[in-house]
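One structure below.
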Amino acid sequence: MRLPSGERYWTVLGTDLRPVVEADEFLRHVRFARDGAENTTHTYAGALVLFWRWCEVTGRPWTLAAGHLGMFILWLRHAGPADDVAHCTPGAEPVRGPRRINTVLAAVREFLKHQVTAGRLSPAALAQLYEICDGRELPIEARGEVTPRYYAKARHRVPETTRPVDRASDQEVLALLRACRSARDRFIVLLLARGGLRRSEAAGLRRQDLHLLPESTGLGCPVRGPHLHVIRRVNANGAWAKSKKAGVVPVDFLLVQAHDAYVLERDDVAAARGSDFVLVNLFKDPLGRPMRPGALNELLERLSVRAGLDRVVHPHLLRHAFGGSVMEAGATLDETQALLRHAAVSSTQVYLHPSPDRLRAAVERVAVGRDLDAGADR
């Protein structure tokens with residue numbers, strides 16, 4: 001849905017192609033009252049479509065569904081998009097994995113909570129969605145100083161396998177850089193891989209956000225050294241910074257040099273000179289217009305093919321490469337959390353999983369300097 005102001009959000013349509021009132025009101029609340037991202041309403045709307053479909057297929061009013069989410073999980077696992085019928089035959093592969101199911105459940109819980117607040121749903125539904133637990137189940141970092149600490153724990157959640165975060169390797173990043181045919185493309189790859197920016201953060205950068213001088217006090221900025229600012233704005237290209245809080249990202253000389261080369265290339269395109277956006281179209285129409293976040297995915301897909309990689313390296317793999325490299329270089333957990341602008345430390349903890357090479361190096365460090373033969377003689 002696009003409003004006259006240009007702001008957009010996603011909604012749910014019924015069979016009459018009109019917005020479903022309860023879902024639409026909730027999604028507008030997420031987008032505008034809670035200042036959520038357009039992508040958040042996209043994710044929530046997709047989850048609510050599945051929820052509404054399940055209610056219709058099973059003949060359940062959505063107002064009574066909170067007590068039957070276990071059956072909803074079963075339906076999500078096995079109901080295909082073609083017929084919405086759960087085919088629970090032995091050995092059948094799940095239609096949706098644990099991560100997708102948990103994402104849908106989280107959105108449905110938020111929707112039902114909002115309906116309780118709006119008075120459309122009985123408060124008793126909250127007891128069907130959550131159980132009260134104390135802080136002993138939480139990680140030490142999240143427990144706080146007050147014991148016991150109570151919190152609401154979701155009753156319905158599918159176990160997910162904990163895996164090391166997937167990331168682009170150093171070899172893949174170098175291959176992408178070699179495959180670039182313009183200074184702009186090299187700058188984009190470095191911006192994601194050495195700045196750790198999300199694709200929407202990169203696409204939403206304005207020229208005044210880049211402070212690449214050794215000192216920026218003349219610009220009214222007290223931060224020392226080359227850096228850039230990540231600021232949430234409403235952008236014409238749909239870019240949207242995830243965090244409401246503005247962040248500062250230090251950058252290194254490689255990124256500064258790549259930017260200098262890009263500026264020279266950009267100045268050769270007359271239509272781009274007046275744009276306040278950092279990343280603009282230089283090689284296709286409309287020239288000078290800001291790049292869409294999706295255009296970064298398209299660029300990396302082309303570069304991955306051109307570089308002969310075995311897979312497509314999308315923007316978030318480059319962000320993960322940055323996070324992993326920072327941790328391997330000796331950064332603490334709180335430093336990495338700040339650099340990646342994670343709201344919760346649990347999002348950063350995924351980078352603590354050591355690679356097989358690091359585990360091998362740890363074992364070899366133990367053996368170095370030990371005179372095992374001398375110990376055997378004694």
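Reckoned from all heavy atoms, side chains included, excluding hydrogens, waters and symmetry mates. Quick note: residue numbers are just sequence positions, from 1. Please read these numbers as outputs of a predicted model, since none were measured by experiment.
To the nearest 0.5 Å, atom CG of residue Asp185 and atom CG of residue Leu296 are 9.5 Å apart. The CD atom of Glu201 sits 10.0 Å away from atom CZ of Arg232, with the distance rounded to the nearest 0.5 Å. We find the CD-OG1 distance between Glu38 and Thr43 to be 10.5 Å, quoted to the nearest 0.5 Å. Taking OG1 of Thr41 as the start and CZ of Phe32 as the end, the distance is 8.0 Å to the nearest 0.5 Å. Here NE2 of His316 is found 11.0 Å from CG of Asp166. Values are rounded to the nearest 0.5 Å. The distance from the OH atom of Tyr9 to the CG atom of Asn39 is 16.0 Å, given to the nearest 0.5 Å.
A salt bridge links Lys113 with Glu110; the closest basic N to acidic carboxylate O contact falls under 4.0 Å. A salt bridge links Glu25 to Arg120: one of the charged nitrogens lies within less than 4.0 Å of a carboxylate oxygen. Asp252 has a carboxylate O that lies under 4.0 Å from a charged side-chain N of Arg194, or vice versa, which qualifies the two as a salt bridge. Residues Arg233 and Asp209 are paired through a salt bridge, judged by an N-O separation under 4.0 Å between the basic side chain and the carboxylate.
Ring pair His227/His211 is perpendicular by interplanar angle, where above 60° counts as perpendicular and below 30° as parallel.
Glu172 has its side chain out of reach of Leu317: every pair of non-hydrogen atoms, C-beta onward, lies at least 4.5 Å apart. Side-chain contact between Met1 and Arg8 is absent, with no heavy atoms from C-beta onward closer than 4.5 Å. Side-chain atoms of Tyr262 and Ile188, non-hydrogen and from C-beta on, never get closer than 4.5 Å to each other. Taking the side chain as every heavy atom from C-beta outward, Val326 and Glu335 never approach each other to under 4.5 Å. Contact check for Thr58 versus Phe72: no side-chain heavy atoms found under the 4.5 Å cut-off. For the pair Pro315/Leu300, a side-chain contact is recorded, criterion being any heavy-atom separation below 4.5 Å from C-beta on. Leu176 places none of its side-chain heavy atoms less than 4.5 Å from the side chain of Arg306. Taking the side chain as every heavy atom from C-beta outward, Arg266 and Arg184 never approach each other to under 4.5 Å.
Grouping the Ile, Leu, Val, Met, Phe, Trp and Tyr side chains by contacts below 4.5 angstrom, directly or via other members, places Leu205 with Val256. Leu174 and Leu254 are members of different hydrophobic clusters when ILVMFWY side chains are connected at heavy-atom separations under 4.5 Å. Under the 4.5 Å side-chain heavy-atom criterion for grouping Ile, Leu, Val, Met, Phe, Trp and Tyr, Val189 is not connected to Val263 through any hydrophobic cluster. Ile231 and Leu212 fall into different hydrophobic clusters, where Ile, Leu, Val, Met, Phe, Trp and Tyr side chains are chained together by heavy-atom contacts under 4.5 Å. A single hydrophobic cluster is not seen to contain both Trp10 and Val30; linkage of ILVMFWY side chains at heavy-atom distances under 4.5 Å, directly or through other members, places them apart.
Listed for the Ser200 side chain is no donor-acceptor partner under 3.5 Å among the backbone atoms of Pro293. Although no hydrogens or angles enter the test, the distance criterion places no donor-acceptor pair under 3.5 Å between the side chain of Arg155 and the main chain of Gly70. Glu265 places a side-chain N or O within 3.5 Å of a backbone atom of Ala183 that can act as its donor or acceptor partner. When atom types are taken as modelled, the side chain of Arg109 and the backbone of His156 share a donor-acceptor pair closer than 3.5 angstrom.
Residue Arg289 places its CZ atom among 12 or fewer non-hydrogen atoms of other residues, nucleotides or ligands, all under 6.0 Å distant. In the displayed structure, Arg34 atom CZ is contacted under 6.0 Å by more than 12 heavy atoms of other residues, nucleotides or ligands. Atom CZ of Arg18 has 12 or fewer heavy atoms from other residues, nucleotides or ligands within 6.0 Å. For Trp62, the CH2 atom is densely surrounded, since the number of other residues' heavy atoms within 6.0 Å is greater than 12. Counting non-hydrogen atoms of other residues, nucleotides and ligands closer than 6.0 Å to CZ of Arg181 gives a total of 12 or fewer.
Nearest heavy-atom pair across Ala203 and Asn237 is O-ND2, 3.1 Å. Heavy-atom minimum distance, Ser325 versus Arg167: OG-NH2, 3.4 Å. Scanning all heavy atoms of the two residues, the minimum distance from Phe111 to Glu22 falls at CE1-O, 3.7 Å. Across every non-hydrogen atom of Val95 and Ala79, the tightest pair is CG1-O, 3.6 Å. The two residues Gln128 and Ala66 make their nearest non-hydrogen contact at OE1-CB, 3.5 Å. When all heavy atoms of Val173 and Ala193 are compared, the pair lying nearest together is CG1-CB, 4.1 Å.
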request  = Determine, stepwise, if the pair Val158 / Leu76 fulfils side chain to side chain contact (heavy atoms under 4.5 Å, CB included).
outcome  = CA-CA 11 Å; Val158 179; Leu76 287 172; over 6 Å; no
query = Step by step, would you call Leu340 with Phe322 a side chain to side chain contact (heavy atoms under 4.5 Å, CB included)?
reply = CA-CA 9 Å; Leu340 292 172; Phe322 173 78; 3.6 Å; yes
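Cation-pi geometry between Arg96 and Trp75 is met: the NZ or CZ atom falls under 6.0 Å from the ring centre, inside 45° of the normal.
Each of Val251, Leu255, Val249 was compared with Leu191 under the side-chain contact (heavy atoms from CB on, under 4.5 Å) criterion, and only Leu255 meets it. Paired with Val12 under the rule side-chain contact (heavy atoms from CB on, under 4.5 Å), one option of Asp24, Leu27, Val21 passes, and it is Leu27. The only option from Arg302, His314, Arg199 that meets the side chain to side chain donor-acceptor pair (under 3.5 Å) definition with Asn297 turns out to be Arg199.
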For residues 268-283, please give each side-chain donor-acceptor pair under 3.5 Å, one per line with the distance, not counting sequence neighbours.
unit_1	atom_1	unit_2	atom_2	d
Arg273	NE	Asp267	O	2.8
Arg273	NH2	Asp267	O	2.9
Ser275	OG	Phe277	N	3.2
Asp276	OD2	Arg206	NH1	3.4
Asp276	OD2	Gln208	NE2	3.4
Asn281	ND2	Pro286	O	3.2

